[in-house]
Amino acid sequence: MATYPVYAGDLAVCVAINDNDNAWYEMLVPFLLSLRQTNYTGYVCVIGFGLSQHKIDLLRANSVNVIESAEKSLAVARYMEVSRLCEANPGLRKVALYDADIWFCHPHFDLFDAIEGDNIFACRDQMFCTFITDQLIGPNKDENMHLVYYVGQERMGGAVQAGLVAGTTEAWRDFSRFVRASFERVGTDFTLSYGLDTTLLQLWAGHGRVNRLSELQNFVTKYGLAEVADAAGEISFHGADGPIRGLHMTGDIRFTHRWRYFTNNRDNALEKGHDLELKQTALVPWSDIPDIFRDALASAGFEVVSMTVEEGGSVHAFRIGEDLHIIGAGNHELVMRAAKPFPRLILDTMYYSNAPSPIRARMKLNTQEVTLSRNESHWISMAMGAGTDLTLISESLRNQGSKIIWIFSGGIFHWQ
């Protein structure tokens with residue numbers, strides 16, 4: 001049986017997560033760090049599904065409360081865990097349950113200003129996914145289909161987005177009773193598969209028990225995201241109705257470099273994120289650099305001066321035509337020296353679509369240092385004399401597994 005923390009306050013933000021290391025770094029860490037950059041001062045609670053003791057200890061050491069759920073189905077059981085939290089804390093008035101892949105991109109946290117009454121609150125989704133109705137089976141299928149597909153959408157203006165569910169303790173009490181009763185009908189009216197949490201929320205909307213929140217609180221980019229620069233060049237994210245509060249990094253955009261929390265909050269992420277690193281891996285000198293690596297650089301007119309790589313990381317180099325590609329995984333620092341003059345040399349950086357990009361990537365040439373931009377691809381034009389050193393630096397949280405591709409060319413294929 002789970003143990004529920006007791007709070008003295010009346011507001012709580014909850015997030016559920018399992019023991020996946022990638023989800024820890026790419027979802028939970030941005031969620032927690034960005035929430036702390038807002039003006040929210042209430043309680044924060046992680047609902048853990050099979051979390052290791054090491055992760056639980058890390059969270060508690062960083063003043064994050066943890067509920068160790070005994071349930072197996074994260075998607076649905078998280079609703080019931082929130083209700084149990086409310087029961088254990090009579091002083092709570094309002095609770096929000098977020099997906100872990102949301103980060104807070106505005107300093108003003110105003111979600112709870114909109115939460116009143118005994119209905120659950122959620123945002124509208126941009127599209128109705130078939131998995132919402134795929135869960136419906138049995139003798140009540142037609143009735144439930146009508147409530148989900150027609151009545152629920154009519155009341156909400158579309159499908160319900162389950163990434164943020166908020167309500168008063170009374171609203172959570174009623175909703176959790178409905179969820180428990182529905183869960184008992186798995187195999188009769190519902191299948192236990194991906195999307196059941198959204199199906200039940202949509203069905204609750206069909207019963208008239210879900211109110212619509214502003215999409216800015218749980219913003220999916222299909223609404224249309226605008227990047228707005230202020231006079232100082234600082235970027236903020238906006239939807240049609242104003243500044244976005246919570247940006248939902250759904251699977252299709254999870255590693256989109258320019259929208260990640262880490263890319264837009266580099267200094268804070270590197271400074272504060274170290275407290276949540278799972279391993280204390282170190283940068284170690286790579287003394288036995290393979291000949292194939294040295295040969296690739298030598299064939300492009302460079303020699304290796306030194307290289308340090310994070311424990312468990314790797315760096316590879318190869319030629320594609322006239323270009324030199326260097327692929328780095330994990331934190332690394334490579335110093336390379338020009339063995340010949342380069343009147344014009346182009347350095348490109350690119351990132352993988354299915355892996356985290358570095359929080360900060362830098363290039364040093366003589367006394368100049370350039371931190372690469374938010375763009376998906378960033379290129380720098382330079383001239384190098386023979387004997388000049390060039391340093392490439394990739395920085396992320398330790399054990400985060402970031403990847404970057406450094407590409408050197410003569411600039412032949414670049415539009416000018």
Side-chain angles (χ1 to χ4, degrees), residues 15-16 75-76 78-79 82 96-106 110-137 140-168 171-172 174-176 178-179 182 189-191 193-226 237-254 256 259:
V15 60
V76 175
R78 58 185 179 148
Y79 294 151
V82 169
L97 173 63
Y98 283 88
D99 276 2
D101 57 350
I102 292 173
W103 70 273
F104 302 93
C105 47
H106 194 276
D110 57 2
L111 167 68
F112 289 122
D113 295 348
I115 308 302
E116 297 292 346
D118 58 2
N119 279 356
I120 283 293
F121 284 76
C123 298
R124 177 180 62 89
D125 208 340
Q126 183 63 18
M127 57 192 300
F128 190 100
C129 299
T130 57
F131 64 71
I132 299 175
T133 52
D134 289 344
Q135 318 289 330
L136 303 176
I137 60 172
N140 296 313
K141 178 177 179 179
D142 290 345
E143 178 185 353
N144 287 335
M145 179 75 76
H146 179 74
L147 287 170
V148 166
Y149 193 78
Y150 294 102
V151 181
Q153 286 203 87
E154 181 179 356
R155 287 176 171 164
M156 290 294 293
V160 181
Q161 226 298 331
L164 166 59
V165 181
T168 62
W172 276 108
D174 293 348
F175 180 49
S176 67
F178 169 74
V179 170
S182 299
D189 289 339
F190 308 100
T191 63
S193 53
Y194 176 81
L196 180 58
D197 57 331
T198 306
T199 302
L200 297 182
L201 190 60
Q202 187 79 20
L203 192 56
W204 198 231
H207 287 293
R209 297 301 309 274
V210 180
N211 291 350
R212 182 173 165 181
L213 273 174
S214 165
E215 281 74 38
L216 298 174
Q217 297 290 349
N218 171 21
F219 195 89
V220 292
T221 55
K222 295 180 182 66
Y223 292 129
L225 182 151
F237 298 137
H238 289 243
D241 298 325
I244 296 168
R245 266 49 176 179
L247 180 57
H248 199 153
M249 300 295 287
T250 50
D252 53 334
I253 64 157
R254 182 149 302 146
T256 301
W259 292 337

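Position 1 is the first residue of the sequence; numbering continues from there.
- Scanning all heavy atoms of the two residues, the minimum distance from Ile132 to Ala159 falls at CD1-CB, 4.1 Å.
- Under the 3.5 Å distance criterion, the side-chain polar atoms of Glu215 are left unmatched by any main-chain donor or acceptor of Ile244.
- With a 4.5 Å cut-off on side-chain heavy atoms, Phe190 and Val76 do not count as touching.
- Around atom CZ of Phe131, more than 12 heavy atoms belonging to other residues, nucleotides or ligands sit under 6.0 Å away.
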Exercise. Does the side chain to side chain contact (heavy atoms under 4.5 Å, CB included) test come out yes or no for Ile115 and Asn211, once each step is laid out?
Worked result: CA-CA 9 Å; Ile115 308 302; Asn211 291 350; over 6 Å; no
Problem set entry | Trace of the side chain to side chain contact (heavy atoms under 4.5 Å, CB included) decision for Phe178 with His207 | CA-CA 11 Å; Phe178 169 74; His207 287 293; 4.2 Å; yes
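- Contact of the Val165 side chain with the Arg78 side chain is not registered, since no non-hydrogen atoms from C-beta on lie closer than 4.5 Å.
- Contact annotation: the side chain of Leu164 approaches that of Leu111 to within less than 4.5 Å [non-hydrogen atoms, C-beta and beyond].
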Side-chain donor-acceptor pairs under 3.5 Å in residues 146-155, sequence neighbours left out?
from   : atom 1 : to     : atom 2 : distance (Å)
Gln153 : NE2    : Tyr149 : O      : 2.8
Arg155 : NH1    : Gly206 : O      : 2.6

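- Rounding to the nearest 0.5 Å gives a distance of 4.5 Å between CG of Asn140 and CG of Asp189.
- For the pair Asp197/Val179, no side-chain contact is recorded, criterion being any heavy-atom separation below 4.5 Å from C-beta on.
- Smallest separation of non-hydrogen atoms from Gly163 and Ile102: O-CD1, 3.5 Å.
- Using a 4.5 Å cut-off on side-chain heavy atoms (C-beta onward), Trp259 and Met249 make contact.
- Closest approach of Thr198 and Ala162 over heavy atoms only: OG1-CB, 3.5 Å.
- Here OG1 of Thr250 is found 9.0 Å from CG of Asp125. Values are rounded to the nearest 0.5 Å.
- Residues Leu213 and Asn218 form no side-chain contact, since every pair of their non-hydrogen atoms from C-beta on lies 4.5 Å or further apart.
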For this session: Just do the side chain to side chain contact (heavy atoms under 4.5 Å, CB included) check on Leu216 and His238 with the steps written out, would you?
Result: CA-CA 8 Å; Leu216 298 174; His238 289 243; over 6 Å; no
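- Other residues, nucleotides and ligands contribute over 12 non-hydrogen atoms within 6.0 Å of the CG atom of Asp113.
- Closest approach of Ser182 and Leu200 over heavy atoms only: CB-CD2, 3.6 Å.
- Between Tyr79 and Trp172, the angle of the ring planes lies from 30° to 60°, which puts this pair in the tilted group.
- Side chains of Asp101 and His248 form a contact here, defined as non-hydrogen atoms less than 4.5 Å apart.
- Checked against salt bridge (Lys or Arg N to Asp or Glu O under 4.0 Å), Arg245 has the following partners two or more places apart in sequence or in another chain: Asp110.
- Side-chain atoms of Leu201 and Ile120, non-hydrogen and from C-beta on, do get closer than 4.5 Å to each other.
- Side-chain atoms of Thr168 never come within 3.5 Å of backbone atoms of Glu116 as a donor-acceptor pair (strictly under, hydrogens ignored).
- Between Phe175 and Trp204, the angle of the ring planes lies from 30° to 60°, which puts this pair in the tilted group.
- Remark: side-chain polar atoms of Gln202 are paired, donor with acceptor, to backbone N or O of Val160 under 3.5 angstrom.
- The shortest non-hydrogen separation linking Cys123 to Ser214 is SG-O, 3.2 Å.
- Considering all non-hydrogen atoms of both residues, Val15 and Ala100 come closest at CG2-CA, 3.4 Å.
- Rounding to the nearest 0.5 angstrom, the gap separating the CG atom in Asn144 from the CG atom in Leu136 is 5.5 Å.
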